[in-house]
Amino acid sequence: MAPVTSLSDSVQQQLASALAAVRPQAAADPLLRRSDRADYQANGILALAKKEKANPRELATEVVAHITTGELIADIEVSGPGFLNITVGDRAITGNLAARYADDTGRLGVPLAAHPGTTVIDYAQPNVAKEMHVGHLRSAVIGDAVRQILEFTGETVVRRHHIGDWGTQFGMLIQYLDEHPHELDHGAGEVSGEEAMSNLDRLYKAARRLFDSDEEFKTRARRRVVDLQAGDAHTLAMWQKFVDESKIYFFSVFEKLDMDIRDADIVGESGYNDMLAETCRLLEESGVAVRSEGALCVFFDDIKGPDGKPVPLIVQKSDGGYGYAATDLSAIRNRVFDLKADTLLYVVDARQSLHFKMVFETARRAGWLNDEVTALQLAFGTVLGKDGKPFKTRAGETVRLVDLLDEAIDRASAVVREKAQDLSEAEIAERGAQVGIGAVKYADLSTSANRDYKFDLDQMVSLNGDTSVYLQYAYARIRSILRKAGEVRPAAHPELALHPAERALGLHLDAFGETVAEAAAEYAPHKLTAYLYQVASLYTSFYDKCPVLKAESPEQVENRLFLCDITARTLHRGMALLGIRTPERL
Ligand code: ARG
């Protein structure tokens, strides 16, 4: 299947060659945009005229003289100070969509990127022995959407779930459990993942309290960390138990989230333990890090803490212990030199931005990162409650992610039940989960990641507005029309003149590939979300204005069914990239 050149790319090419004919030396970009006045508007001539101190309208007229109108460019005119307004032919619109429709690879004719690379994406990284909260939701949802969008463009993507499974807190936990063996005696092995996890979480909190209040326990706990890092068998076995139990729990949450997280991609902090000493040696020998009061530190002039004072990055503490930074620096070496990545992407809370700034700058000074191999934090904002404050329970505690997901599924099931006509209880439960989880993901993916957003379930499952349910209903309605059509098959008829609502929908559908490419280049899934919402809106107005099954001729019926079907396929493909299901019936 040959990839399809989008209409805007074809028009852009024609304009570029006309421009090159008029001004061979200029290498000017026509700057083509979608426009309300015509199909497209080109603004590039204005900029060129300004540079040349030429009359823009005259230059534009000259360019137009080099364009042959026809099937693609049906009409072109100079407007305003020197814009070009371009209208493409109906035949070209239907023809392009027909070529996309014929692509049986599921890519809708979208080409792969010309020079794909290798990205390691660090996302969905909860912490062992701790509950998952809404912050972990964002990393998982945004990360998995970015991963799928990148893969769609042909990028090689390696996933890394950098779970918190190492460090002081495990010495603390293990020591506490050794001293209070009865605390986990709730018939271990028989409890569910969820119950085991809340036991662990409780244990963690109790251990933390003791650690903070009892100096002697603190010393014993610290000794335990050393045992752990030295590989003491008993300590290691207890640690492994915590990790295994937590993983069972993580997987149950990821499954609820309808997310394909693979065990092999989980490389937690502990996975870099063997590299830590070497990382420190390399940094110290190269002079990137220096000893300061026993600790190994990296200093920066231009990176300041929240109080405006410069902060150092501590790679090794004065007691010899390694922390979060040493682990991340080792992970960079692994990802660059072993996994051969050219891009390292970290989907992590904005509150860790200072950490990553310092870690990346350190890696750059060490020569591990450079112009060819770059690292970037895709920082996300905070999830807020309806009151606009960070999301907490009434008692002021962090909200458990599972509770939130269950509530979303309950609300969505109620919506589905209310609308359902011929659905069984089992179907309502299945659709409820697809709608509820879709709603949560969509809300997360419809604002740009760096912004905070309000977690408002009522709004998320509303049928009207910018929600996943709206898109899922649009999809299900199209599928129902296609079923109703029975024997009549969708077929493109490029000879038919298009209604303005058909043109608007068609031109937008043709831009799917460009939108995915843009979302990939900017790591911005919200651009795809906005695009899909627009698909559903344009479809709705097409459906309002253009009868499908009752259209005036058999060809018209087939052509409109074809428009319906390619709309459905685009919605399905796009939603799948966001990790959202499109049920056949709702
Ligand atoms: N586990 C950390 C947390 O829950 C996130 C890890 C982010 N990734 C990294 N390479 N540091 O906050």
Side-chain angles (χ1 to χ4, degrees), residues 119-144 146-147 157-170 173 197 200-201 204-205 208 239 242-243 246-247 249-251 253-254 257 261 265-273 275-276 279 298 313-315 322-336 338-339 341 343-363 368-369 373-383 390-391 398-402 444 449-450 523:
T119 296
V120 172
I121 179 168
D122 183 313
Y123 73 104
Q125 329 95 328
N127 300 315
V128 165
K130 280 198 194 162
E131 272 295 350
M132 289 175 77
H133 54 73
V134 280
H136 297 122
L137 171 77
R138 293 212 78 183
S139 176
V141 170
I142 297 168
D144 214 41
V146 170
R147 169 189 67 85
V157 184
V158 183
R159 321 176 200 180
R160 280 293 174 263
H161 308 298
H162 195 89
I163 63 171
D165 64 356
W166 209 236
T168 330
Q169 68 268 36
F170 291 93
L173 260 175
M197 194 62 196
L200 273 183
D201 194 64
Y204 184 91
K205 287 181 182 140
R208 163 67 58 191
W239 168 82
F242 289 139
V243 174
S246 299
K247 273 202 197 169
Y249 178 72
F250 297 157
F251 280 116
V253 178
F254 290 135
L257 271 169
I261 303 285
D265 300 322
I266 298 184
V267 181
E269 294 176 23
S270 65
Y272 305 96
N273 189 48
M275 297 178 72
L276 300 173
T279 297
V298 183
L313 183 72
I314 299 174
V315 189
Y322 305 104
Y324 197 47
T327 306
D328 264 324
L329 286 163
S330 303
I332 289 182
R333 287 176 51 222
N334 169 253
R335 292 168 189 186
V336 173
D338 301 328
L339 301 177
T343 309
L344 309 182
L345 193 59
Y346 295 77
V347 189
V348 185
D349 196 310
R351 283 171 281 200
Q352 295 191 31
S353 294
L354 181 60
H355 164 77
F356 283 109
K357 235 190 206 169
M358 295 197 289
V359 165
F360 296 163
E361 176 57 23
T362 301
W368 305 334
L369 296 175
V373 187
T374 55
L376 164 98
Q377 181 193 5
L378 180 52
F380 54 79
T382 307
V383 181
F391 205 61
T398 323
V399 181
R400 295 198 323 155
L401 179 54
V402 260
D444 209 330
N450 59 12
Y523 307 116

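Just follow the structure's listing: the first ligand is 1, and inside any ligand the first atom is 1.
- Within the 4.0 Å heavy-atom cutoff, Lys130 does not count among the residues contacting ligand 1.
- Contact check for Arg138 versus Val347: no side-chain heavy atoms found under the 4.5 Å cut-off.
- Residue contacts with ligand 1 for His136 involve side-chain atoms from C-beta outward but no N, CA, C or O (heavy atoms, distance under 4.0 Å).
- Inter-residue side-chain proximity for Gln169 and Val128 is flagged as unmet; no heavy-atom pair is nearer than 4.5 Å.
- Residue-level proximity to ligand 1 for Tyr272 is absent, since no heavy atom of it falls below 4.0 angstrom.
- Geometrically, ligand 1 and Glu269 share no nitrogen or oxygen pair separated by less than 3.5 Å.
- Ring pair Tyr346/Phe360 is tilted by interplanar angle, where 30° to 60° counts as tilted.
- Residue-to-ligand polar distances place Asp328 within reach of ligand 1: an N/O pair is separated by less than 3.5 Å.
- Ring geometry for Tyr123 versus His161: interplanar angle over 60°, hence perpendicular rather than tilted (30 to 60°).
- For ligand 1, the polar-atom distance check against Asp122 finds a nitrogen or oxygen pair separated by under 3.5 Å.
- No more than 12 heavy atoms of other residues, nucleotides or ligands sit less than 6.0 Å from atom NZ of Lys357.
- Side-chain atoms of Tyr249 and Glu131 form a donor-acceptor pair, as typed in the model, at a separation below 3.5 Å.
- For ligand 1 and Tyr346, the ligand atoms under 4.0 Å from any heavy atom of the residue are 10 (N).
- For a threshold of 3.5 Å applied to N or O pairs, the pair formed by Tyr324 and ligand 1 contains at least one separation below that value.
- Between Trp368 and Leu344 the shortest side-chain heavy-atom distance does not fall below 4.5 Å.
- For the ligand labelled ligand 1, residue Gln352 lies inside the 4.0 Å heavy-atom shell.
- Every atom of ligand 1 is numbered from 1 in the order shown, and the set under 4.0 Å from a heavy atom of Phe356 is 9 (C), 11 (N).
- Salt-bridge annotation for Asp122 and Arg335: present, with a side-chain N of the basic residue lying under 4.0 Å from a carboxylate O of the acidic one.
- Atoms of ligand 1 found under 4.0 Å from any heavy atom of Val348, numbered from 1 in the order shown, are 7 (C), 8 (N).
- Remark: minimum distance from atom 1 (N) of ligand 1 to any protein heavy atom is reached at Asn127 OD1, 2.8 Å.
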